Amino acid sequence: MAAAERGENPTVLARMRTGWAVIGDTQHLPGYCLLLYADRANHLTDLPRGERALFLLDLSLLGEAVQMACGKRDQEFRRLNYEVLGNSWEHLHGHVHPRYGWEPPRMLQGPVWRYGEERTAPEHALGPRHDGLREDITQALTGVLADAYDHD
């Protein structure tokens with residue numbers, strides 16, 4: 001979070017109203033992104049209702065951009081899964097998981113966490129080969145945010 005504030009976090013895609021949109025450190029499912037709440041909160045319910053609504057809107061806008069970028073890049077893009085967890089990192093954040101038709105049939109049902117350690121295997125680590133994907137999501141997010149924020 002501090003690195004994002006200083007402009008030193010290379011995973012940052014954009015600053016949104018309620019937090020930082022970042023591309024995930026693992027790209028097991030290409031396009032995995034997160035929204036990191038910019039202030040202090042552990043639970044979604046720690047926020048006043050208006051701020052909760054803005055956080056969830058921002059999460060959906062990030063998802064819209066991921067869907068646009070991943071849908072263009074892979075014709076087997078199927079859908080997005082959204083999660084707000086907090087069991088491992090006690091700071092409010094939301095996950096956007098793209099899902100694809102090429103995933104093993106046994107994994108098409110249920111959350112991505114069923115993949116287990118396979119998700120974070122070294123071959124899926126975010127790296128230079130993801131630069132194009134990162135750029136596509138950033139470009140889509142820039143457009144989505146301009147449209148959404150201009151119409152508020």
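Excluded from the calculations below are hydrogen atoms, water molecules and symmetry mates; all remaining heavy atoms, backbone and side chain alike, are included. The structure displayed is predicted, hence computed values, not measured ones.
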Got a sec, which residues hit side chain to side chain donor-acceptor pair (under 3.5 Å) with His124, two or more places apart in sequence or on another chain?
none
Return the CG to NE2 distance between Leu29 and His97, rounded to the nearest 0.5 Å.
8.5 Å
Measuring from Leu34:CG to Asp25:CG, what's the distance to the nearest 0.5 Å?
8.5 Å
Please enumerate all residues that pass side chain to side chain donor-acceptor pair (under 3.5 Å) together with His28, with sequence neighbours excluded.
Glu118
Partner set under side chain to side chain donor-acceptor pair (under 3.5 Å) for Thr11, not counting sequence neighbours:
Asn9
Is there a side-chain contact between Val84 and Leu59, using heavy atoms and a 4.5 Å cut-off?
yes
Could you grab the distance from atom OG1 of Thr18 to atom CG of Leu47, nearest 0.5 Å is fine?
8.5 Å
Gap between atom CG of Leu56 and atom OH of Tyr82 - 0.5 Å precision:
11.0 Å
Under a plain distance cut-off of 3.5 Å, with no hydrogens placed, do Tyr37 and His93 share a side-chain donor-acceptor pair?
no
Main chain of Ala121, side chain of Glu117: is a donor-acceptor contact present, judged purely on distance under 3.5 Å?
no
Quick one: CG on Leu35 to CZ on Phe55, what's the gap to the nearest 0.5 Å?
4.5 Å
Side-chain donor-acceptor contacts of residues 109-116 below 3.5 Å, not counting sequence neighbours, with atom names and distances?
| residue | atom | partner | partner atom | Å |
| --- | --- | --- | --- | --- |
| Trp113 | NE1 | Glu83 | OE1 | 2.6 |
| Trp113 | NE1 | Glu83 | OE2 | 2.9 |
| Arg114 | NH1 | Arg106 | O | 3.2 |
| Arg114 | NH1 | Gln109 | O | 2.2 |
| Arg114 | NH2 | Arg106 | O | 3.0 |
| Tyr115 | OH | Glu103 | OE1 | 2.6 |

Side-chain touch Cys33/Leu13, heavy atoms, less than 4.5 angstrom
yes
Taking all non-hydrogen atoms of both residues into account, name the closest pair between Pro98 and Leu80 and its distance.
CA-CD2, 3.8 Å
Residues, nucleotides or ligands: over 12 heavy atoms within 6.0 Å of Gln75 CD
no
All N/O donor-acceptor pairs, side-chain side in residues 66-74, below 3.5 Å, sequence neighbours left out:
| residue | atom | partner | partner atom | Å |
| --- | --- | --- | --- | --- |
| Arg73 | NH1 | Asp136 | OD2 | 2.6 |
| Asp74 | OD1 | Glu76 | N | 2.8 |
| Asp74 | OD2 | Trp102 | NE1 | 2.7 |

Using the six-membered ring of Phe77, assess whether NZ or CZ of Arg99 lies under 6.0 Å from its centre and within 45 degrees of the ring axis.
no
What distance separates Met16 CE from Leu141 CG, expressed to the nearest 0.5 Å?
5.0 Å
Residue pairs involving residues 42-68 (criterion salt bridge (charged side-chain N to carboxylate O under 4.0 Å, His left out); sequence neighbours excluded):
none
Indicate the atoms forming the closest heavy-atom contact of Ser60 with Leu57, along with that distance.
OG-O, 2.7 Å
Determine whether Leu44 and Leu92 satisfy the following criterion, side-chain contact (heavy atoms from CB on, under 4.5 Å), listing intermediate values before the conclusion.
CA-CA 6 Å; Leu44 185 60; Leu92 179 58; 4.2 Å; yes
Please report the closest heavy-atom contact between Ala38 and Arg15, naming both atoms and the distance.
CB-NH2, 3.4 Å
